[in-house]
Enquirer: 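One structure, pasted below without further comment.
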Amino acid sequence: MNSEIHVAFVGNPNCGKTTLFNDYTGAKLKVANWPGVTVEKKDGRLKGKPDVVIQDLPGIYSLSPYTLEEVVTRNYLVAEKPDTIINIVDASNLERNLYLTTQLLELGIPVVIALNMMDIVRKRGDKIDVSKLQDQLRCPVVETSAISGDGLQQLINQACELAQLGKASQPQIVFSQRLEKTLAQVGDLLETAGVLKRPELKRWLAVKLFERDEKLLAELHLSDTVRQRLEKMTAECEAELDDDSESIITNERYDAIAKLVKSCVKKRKSGLSPRFFGKKY
Ligand code: GDP
Ligand code: MG
């Protein structure tokens, strides 16, 4: 039995992945290239616990198939299926970062969120209600600062614990009723057509096929009949919601995230620090 735990670091560019990776792996850091592509991947072993293998992946904003970084990261997540994803989030840019988070939660892999750059959030005087965020996303959220090392032990412990439990995340973003109806139809179609080899990927595949993700459409080798049915379901929803399918998903995702952030984040009234005004508080 393979007792190694594979942990994937996923996040936007500049959220602190490499800083965290270096912290965890220390001298054992190893740099390699994905075969055939120029995007860099890194893997390393956790200092003092070499059975934990950490995979640093290219920084991405979405799991779309448009950039090389996106393709490399999503191929790794879907094909290699790590035991846990640590989704590193720049807490000082929460709303933008959660766009990727909500997609990662659709992959059926356990996810822990590292709310990184908390030192910046605190310095700004902003407040994030972590337990509310955790409840709403229904996955563990750990506050970290890769620079100071705060929260790093708790984060990796949480990731290993989750990997051992093997409890997959559940997609938490609920779209509009109309869109959910079509996604359910697409999911059922995949099931009855026998192309859903891994049931935990149902939500992700339904969303991606609704978006007409060319890469997945090619990979799944759908029959003409299934393709036509899929196209009909998608087109009907587009007509009713008066937009193209990709924009429907993007907009509804952003709307849901905006609501979530509004309920969890309290910003200081002014964007300027007290010191800017020469006042002592
Ligand atoms: P990556 O692109 O996700 O690998 O991000 P890096 O690890 O290269 O970090 C990007 C920048 O953010 C660097 O200048 C880091 O020093 C800085 N950084 C990373 N984590 C933190 C943090 O928790 N707090 C602060 N203040 N800066 C951080
Ligand atoms: Mg980096």
Side-chain angles (χ1 to χ4, degrees), residues 6-34 37-47 52-64 66-77 82 84-104 111-130 133-134 140-159 261 264-265 267-268 271-276:
H6 289 258
V7 179
F9 277 12
V10 191
N12 289 6
N14 287 322
C15 62
K17 290 184 302 301
T18 303
T19 313
L20 275 176
F21 183 81
N22 289 342
D23 245 13
Y24 283 127
T25 57
K28 288 192 176 152
L29 178 119
K30 204 170 76 189
V31 179
N33 281 320
W34 287 91
V37 294
T38 54
V39 178
E40 211 176 58
K41 84 157 185 160
K42 297 179 203 117
D43 66 43
R45 290 176 184 270
L46 183 62
K47 271 188 285 184
V52 179
V53 181
I54 300 175
Q55 184 73 55
D56 193 10
L57 293 161
I60 53 168
Y61 295 104
S62 166
L63 288 176
S64 319
Y66 300 125
T67 68
L68 200 52
E69 287 85 350
E70 286 166 351
V71 173
V72 169
T73 297
R74 86 174 205 177
N75 279 353
Y76 178 82
L77 296 176
T84 320
I85 292 172
I86 293 187
N87 171 212
I88 298 148
V89 160
D90 172 358
S92 67
N93 270 307
L94 191 59
E95 194 156 338
R96 192 191 64 192
N97 279 245
L98 288 181
Y99 187 69
L100 175 65
T101 304
T102 60
Q103 296 176 61
L104 294 174
V111 175
V112 185
I113 295 175
L115 214 49
N116 196 37
M117 311 243 184
M118 276 309 291
D119 54 310
I120 296 179
V121 174
R122 289 193 190 106
K123 219 177 271 170
R124 275 190 197 161
D126 295 345
K127 292 249 172 334
I128 300 177
D129 188 333
V130 175
L133 189 62
Q134 204 159 242
V141 177
V142 180
E143 295 175 68
T144 62
S145 169
I147 290 270
S148 70
D150 283 353
L152 300 202
Q153 194 58 49
Q154 196 195 338
L155 175 67
I156 199 73
N157 289 349
Q158 185 72 257
V261 169
C264 297
V265 180
K267 293 222 179 250
R268 238 183 116 257
L272 301 170
S273 81
R275 221 189 282 157
F276 183 86

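Since this is a predicted model, take the numbers as computed values, not measurements. When a ligand or atom number is given, it counts from 1 through the structure's own listing order.
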Enquirer: Which heavy-atom pair separates A114 from I86 by the least distance, and what is that distance?
Expert: CB-CG2, 4.1 Å

Enquirer: At what distance is the nearest protein heavy atom to atom 23 (O) of ligand 1, and which residue and atom is it?
Expert: A146 N, 2.9 Å

Enquirer: Would you check if there is a donor-acceptor pair between the side chains of K42 and T25 at a distance under 3.5 Å?
Expert: no

Enquirer: Check whether any side-chain heavy atom of Q158 lies under 4.5 Å from a side-chain heavy atom of L155, and answer yes or no.
Expert: no

Enquirer: Where's the contact between T18 and ligand 1, heavy-atom distance under 4.0 Å: side chain, backbone, both or neither?
Expert: both

Enquirer: I'd like to check atom 25 (C) of ligand 1 in this structure: does the protein have a heavy atom lying under 4.0 Å from it?
Expert: yes

Enquirer: Give the residue, atom name and distance (to 0.1 Å) of the protein heavy atom nearest atom 21 (C) of ligand 1.
Expert: I147 CG1, 3.4 Å

Enquirer: Would you tell me whether D119 and S145 have side-chain atoms, one donor and one acceptor, within less than 3.5 Å of each other?
Expert: yes

Enquirer: Which atoms of ligand 1 have any heavy atom of N116 under 4.0 Å away?
Expert: 20 (N), 21 (C), 23 (O)

Enquirer: Yes or no, since that's all I need: does a protein heavy atom fall within a distance strictly under 4.0 Å of atom 19 (C) of ligand 1?
Expert: yes

Enquirer: Could you find the nearest protein heavy atom to atom 2 (O) of ligand 1 and give me its residue, atom name and distance?
Expert: N14 N, 2.7 Å

Enquirer: Could you find the nearest protein heavy atom to atom 7 (O) of ligand 1 and give me its residue, atom name and distance?
Expert: T19 OG1, 2.5 Å

Enquirer: Quick one: does any side-chain atom of S62 pair with a main-chain N or O of S64 as donor and acceptor, under 3.5 Å?
Expert: yes

Enquirer: Do any non-hydrogen protein atoms sit less than 4.0 Å from atom 14 (O) of ligand 1?
Expert: no

Enquirer: Looking at side-chain heavy atoms only, is the closest gap between I156 and Y24 below 4.5 Å?
Expert: yes

Enquirer: Considering heavy atoms of the protein only, find what lies nearest to atom 17 (C) of ligand 1 and give residue, atom and distance to 0.1 Å.
Expert: M117 CE, 4.2 Å

Enquirer: Would you mind telling me which of V10, L100, V71 makes a side-chain contact (heavy atoms from CB on, under 4.5 Å) with L63?
Expert: L100

Enquirer: Please determine whether any non-hydrogen atom of C15 lies less than 4.0 Å from an atom of ligand 1.
Expert: yes

Enquirer: How far is atom 5 (O) of ligand 1 from its nearest protein heavy atom, and which residue and atom is that?
Expert: G16 N, 3.1 Å

Enquirer: If you count the atoms of ligand 1 from 1 in the order shown, which ones are under 4.0 Å from a heavy atom of I120?
Expert: 26 (N)

Enquirer: Look at the N, O or S atoms of T19, main chain and side chain alike, and state whether any lies under 2.8 Å from the Mg ion (ligand 2).
Expert: no

Enquirer: Counting heavy atoms only, which part of I88 comes closer than 4.0 Å to ligand 1: side chain, backbone, both or neither?
Expert: neither

Enquirer: Is any N or O atom of T144, backbone or side chain, closer than 3.5 Å to an N or O atom of ligand 1?
Expert: no

Enquirer: With the threshold set at 4.0 Å, does a side-chain nitrogen-carboxylate oxygen contact exist between E69 and R74?
Expert: no

Enquirer: Restricting to non-hydrogen atoms, name the atom on E143 and the atom on V130 that form the minimum distance, rounded to 0.1 Å.
Expert: OE2-CG2, 3.4 Å

Enquirer: Checking M118 against I128 for the side-chain contact (heavy atoms from CB on, under 4.5 Å) test, could you report, in this order, the C-alpha distance in whole Å, the side-chain angles of both residues, the deciding distance, and whether it holds?
Expert: CA-CA 9 Å; M118 276 309 291; I128 300 177; 4.2 Å; yes

